[in-house]
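Working notes for the structure below.
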Number of protein chains: 2
Amino acid sequence: MSMIGTMDVGEPLSLHQRILSDISERILSGTWAPGHRIPFEHELTAEYKCSRMTVNKALSQLAKAGLIERRRRTGSFVRRPQSQAAVLEIHDIRIEVEALGLPYRYERVARHKRRSGAEDRALLELDSNGPVLALECRHFAGQRPFAHERRLINLAAVAEAASEEFFAVAPGPWLIARVPWSAAEHRIRAVAADRNIAAALDIEAGAPCLVVERRTWSAEHPVTHVRFTYAAESHTLVARFTPSQG
Amino acid sequence: MSMIGTMDVGEPLSLHQRILSDISERILSGTWAPGHRIPFEHELTAEYKCSRMTVNKALSQLAKAGLIERRRRTGSFVRRPQSQAAVLEIHDIRIEVEALGLPYRYERVARHKRRSGAEDRALLELDSNGPVLALECRHFAGQRPFAHERRLINLAAVAEAASEEFFAVAPGPWLIARVPWSAAEHRIRAVAADRNIAAALDIEAGAPCLVVERRTWSAEHPVTHVRFTYAAESHTLVARFTPSQG
DNA sequence: GCGGCGATTATGTATATACATATTGAAACA
DNA sequence: TGTTTCAATATGTATATACATAATCGCCGC
């Protein structure tokens with residue numbers, strides 16, 4: 001008689017999820033090392049007394065999550081992750097400031113509409129020299145400047161932006177509400193504050209800053225490029241990784 | 001970069017995947033705006049002339065990916081993402097250096113075994129005052145220092161580390177090969193180089209640096225805490241987001 | 001030996017079916 | 001009018017079944 005008798009002591013997990021967490025537990029705890037062949041579907045079917053479909057669903061999910069690799073005719077094997085991947089959450093600045101318990105304030109510093117120059121096209125990864133909107137803003141946490149924002153919006157992709165002054169609403173939330181983004185790329189680095197940034201953030205020139213640049217596409221079209229600069233003390237990005245398992 | 005929505009004519013998509021990409025396409029293109037109720041399973045069943053199970057599998061996957069929200073009795077709705085989430089890939093430093101086309105070199109600076117102090121316990125999120133291994137290393141790209149590493153290893157979780165000198169192999173890959181990690185947390189920020197870091201990275205004190213701190217757990221036990229410090233010019237983190245779609 | 005060719009086997013995908021569960025809306029009732 | 005109850009409905013989960021596909025093994029003939 002095998003080990004089936006484990007009565008659900010607590011929350012009612014679906015069978016499918018129990019199989020899933022059982023197996024990932026065994027993998028993550030090292031009981032099944034990388035390369036180890038995990039039981040065949042029909043064996044798990046016997047172990048959990050369920051149909052192959054249920055086992056298959058769980059194993060397929062583990063495969064999609066990258067924990068195991070499935071090979072026809074030979075079975076499923078524990079994979080070693082190639083590179084650590086972590087989920088970086090990037091919230092709206094207002095949310096971040098309010099999470100600190102400080103009052104948020106937004107300020108539009110400058111706004112220019114222009115035909116895109118070489119630099120604009122490089123930043124947006126734009127082909128044509130269509131019109132862009134260039135914005136400069138500041139975000140405050142209480143009295144202190146929290147972040148400086150420098151943004152380009154591709155007016156070919158978001159025509160409505162041309163008639164928005166961005167006095168009251170920050171371009172980030174404005175865009176999010178209007179343009180569904182399909183892809184984004186972030187670049188994160190440290191820089192020394194130049195005179196412009198130093199003045200905007202009320203810090204000394206040369207002080208370390210965290211820069212987050214984001215490029216966003218919507219259905220293949222470049223939408224916006226934005227560079228946020230934070231004074232070093234004011235901001236930490238957090239990224240977490242926990243393997244799949246819903 | 002590869003984007004969704006690119007119609008791959010030619011390869012045989014499974015029905016399940018066709019439904020999946022059809023729907024995410026309609027969501028991401030804005031055809032179905034946030035809040036929009038997408039067709040009921042039985043309607044999609046008719047549209048794609050397939051069983052409810054197939055439709056259900058696709059919709060469940062979209063729900064797990066966060067693109068839609070499913071509510072019993074009322075239907076499935078297009079969700080607005082609350083926060084942008086991006087996948088941050090964190091490679092081994094050797095890989096990063098070699099990707100730059102530069103020769104990689106590793107140097108162990110210091111190694112101390114000790115009973116964990118208050119600071120160690122805070123960094124590792126450790127309860128007891130068990131033994132830890134403290135390491136300091138440098139990673140070189142060509143002639144120049146590329147990163148400074150300061151690491152704590154919880155010897156209660158990884159006893160073998162006590163007998164490893166880490167002269168030849170860097171602790172990162174050594175751990176990866178031995179300890180399956182089940183969770184990790186990254187904190188990214190900018191700092192000014194202190195005297196120690198400045199000397200280690202051969203930069204001036206006060207120069208901006210990018211700091212990546214990572215805490216790793218294996219099956220609930222803290223394994224290691226590591227702080228990588230990069231000179232500002234030398235390193236940029238890249239994070240991408242492309243909505244699910246398997 | 002050695003190369004090709006089925007048979008076997010494990011996974012991949014899809015189907016029809018069944019029942020569980022949560023939620024809504026309306027009917028029944030106090 | 002307010003509350004309780006109940007049936008309708010959409011999703012959640014599981015089953016048995018079927019056939020497709022890919023990879024491996026072993027047999028066979030040369």
Side-chain angles (χ1 to χ4, degrees), chain A residues 4-8 10-24 26-27 32 34-79 244-246, chain B residues 8 10-24 26-27 32 34-79 244-246:
Chain A
I4 310 308
T6 48
M7 273 297 143
D8 278 47
E11 44 174 299
L13 271 186
S14 73
L15 189 44
H16 156 257
Q17 289 196 322
R18 219 185 85 211
I19 299 175
L20 219 148
S21 57
D22 267 22
I23 294 183
S24 35
R26 276 182 267 195
I27 291 175
W32 288 345
H36 180 265
R37 209 212 74 222
I38 77 175
F40 295 128
E41 292 188 351
H42 70 263
E43 296 175 304
L44 291 170
T45 281
E47 181 177 339
Y48 289 96
K49 295 202 195 306
C50 66
S51 76
R52 189 171 78 91
M53 276 308 296
T54 303
V55 169
N56 179 284
K57 224 176 133 188
L59 291 190
S60 302
Q61 204 168 322
L62 282 172
K64 207 165 76 74
L67 270 186
I68 68 174
E69 183 186 340
R70 314 201 69 192
R71 284 201 291 272
R72 281 174 147 125
R73 170 70 215 240
T74 37
S76 306
F77 299 83
V78 178
R79 244 172 66 117
S244 70
Q245 212 241 117
Chain B
D8 280 71
E11 50 174 296
L13 271 186
S14 72
L15 190 44
H16 156 258
Q17 288 195 323
R18 217 185 86 211
I19 299 175
L20 220 147
S21 57
D22 266 22
I23 295 182
S24 34
R26 275 181 269 196
I27 292 175
W32 288 344
H36 180 265
R37 208 211 75 223
I38 76 174
F40 294 128
E41 292 188 350
H42 69 263
E43 295 176 304
L44 291 170
T45 282
E47 180 178 342
Y48 289 96
K49 296 200 194 309
C50 67
S51 77
R52 189 170 77 92
M53 276 307 297
T54 304
V55 169
N56 180 285
K57 225 175 131 187
L59 292 190
S60 303
Q61 205 168 321
L62 282 172
K64 207 164 78 71
L67 270 188
I68 68 173
E69 183 187 338
R70 313 200 69 191
R71 285 201 289 272
R72 281 172 147 129
R73 169 69 216 244
T74 37
S76 305
F77 298 83
V78 178
R79 241 173 67 117
S244 73
Q245 185 288 96

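Chain A is the first sequence line, chain B the second, and so forth, proteins listed ahead of strands; every chain is numbered from 1.
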Exercise. Starting at CZ of A/R37 and ending at P of C/dT9, how long is that distance when rounded to a whole Å?
Worked result: 14 Å

Seminar exercise, completed: All heavy atoms of A/R70 vs all of A/N56, minimum pair found to be NH1-ND2, 3.9 Å

Problem set entry | Distance, rounded to the nearest Å, where B/R52 contributes CZ and C/dA18 contributes C1' | 10 Å

Exercise. Under 4.0 angstrom, heavy atoms only, what part of the nucleic acid is B/R71 near: base, sugar-phosphate, or nothing?
Worked result: sugar-phosphate

Exercise. In terms of side-chain heavy atoms of A/T74, which of D/dT24, D/dA18, D/dA22 is nearest?
Worked result: D/dT24

Seminar exercise, completed: With the side chain defined as heavy atoms from C-beta on, A/F40 is closest, among C/dT11, C/dA14, C/dT15, to C/dT11

Exercise. So, does the side chain of B/R73 form a donor-acceptor pair with the base of C/dG25 at under 3.5 Å?
Worked result: no

For this session: Heavy atoms only: give me the nearest B/P39-B/W32 pair and the separation to one decimal.
Result: CD-CH2, 3.6 Å

Problem set entry | D/dG12 phosphate, OP1 or OP2, under 4.0 Å from A/S14 side-chain N/O | no

For this session: Please state how far atom CD in B/E41 lies from atom C1' in D/dG12, giving the value in whole angstrom units.
Result: 9 Å

For this session: Would you mind telling me which of C/dT17, C/dA14, C/dT21 lies closest to the side-chain atoms of B/L15?
Result: C/dA14

For this session: Rounded to the nearest angstrom, tell me the gap between atom NE2 in B/H42 and atom P in D/dT11.
Result: 8 Å

For this session: Can you tell me the distance, in whole Å, between the CG atom of B/N56 and the C1' atom of C/dA16?
Result: 14 Å

For this session: Looking only at side-chain atoms of A/S60, point me to the closest of C/dT24, C/dG12, D/dC25.
Result: C/dG12

Problem set entry | Between D/dA10 (C1') and B/R70 (CZ): distance, integer Å | 8 Å

Problem set entry | Residues B/R79 and B/E69 bridged, charged N to O under 4.0 Å | no

Exercise. Counting distance only, does the side-chain N/O of A/T54 pair as donor-acceptor with the main-chain N or O of A/R52 below 3.5 Å?
Worked result: no

Seminar exercise, completed: Judged by nearest nucleotide, the residue sitting upstream toward the 5' end of DNA chain D, A/H16 or B/G75, is B/G75

Exercise. Are A/T54 and D/dT15 close enough that a side-chain N or O sits under 4.0 Å from OP1 or OP2?
Worked result: yes

For this session: Would you kindly give the NZ-to-P distance between A/K64 and C/dG12, to the nearest whole Å?
Result: 14 Å

Exercise. What's the CG-P distance between B/L20 and C/dT13, to the nearest Å?
Worked result: 12 Å

Exercise. So what does A/S51 touch, heavy atoms closer than 4.0 Å: a base, only the sugar-phosphate, or nothing?
Worked result: base

For this session: Counting heavy atoms from C-beta on, name the nucleotide in D/dG12, D/dA14, C/dT23 closest to the side chain of B/M53.
Result: D/dA14

For this session: Answer yes or no: does atom CZ of B/R26 have more than 12 heavy-atom neighbours from other residues, nucleotides or ligands under 6.0 Å?
Result: yes

For this session: Answer with yes or no whether B/R72 presents, from its side chain, a donor or acceptor under 3.5 Å of a partner atom in the base of C/dT21.
Result: yes

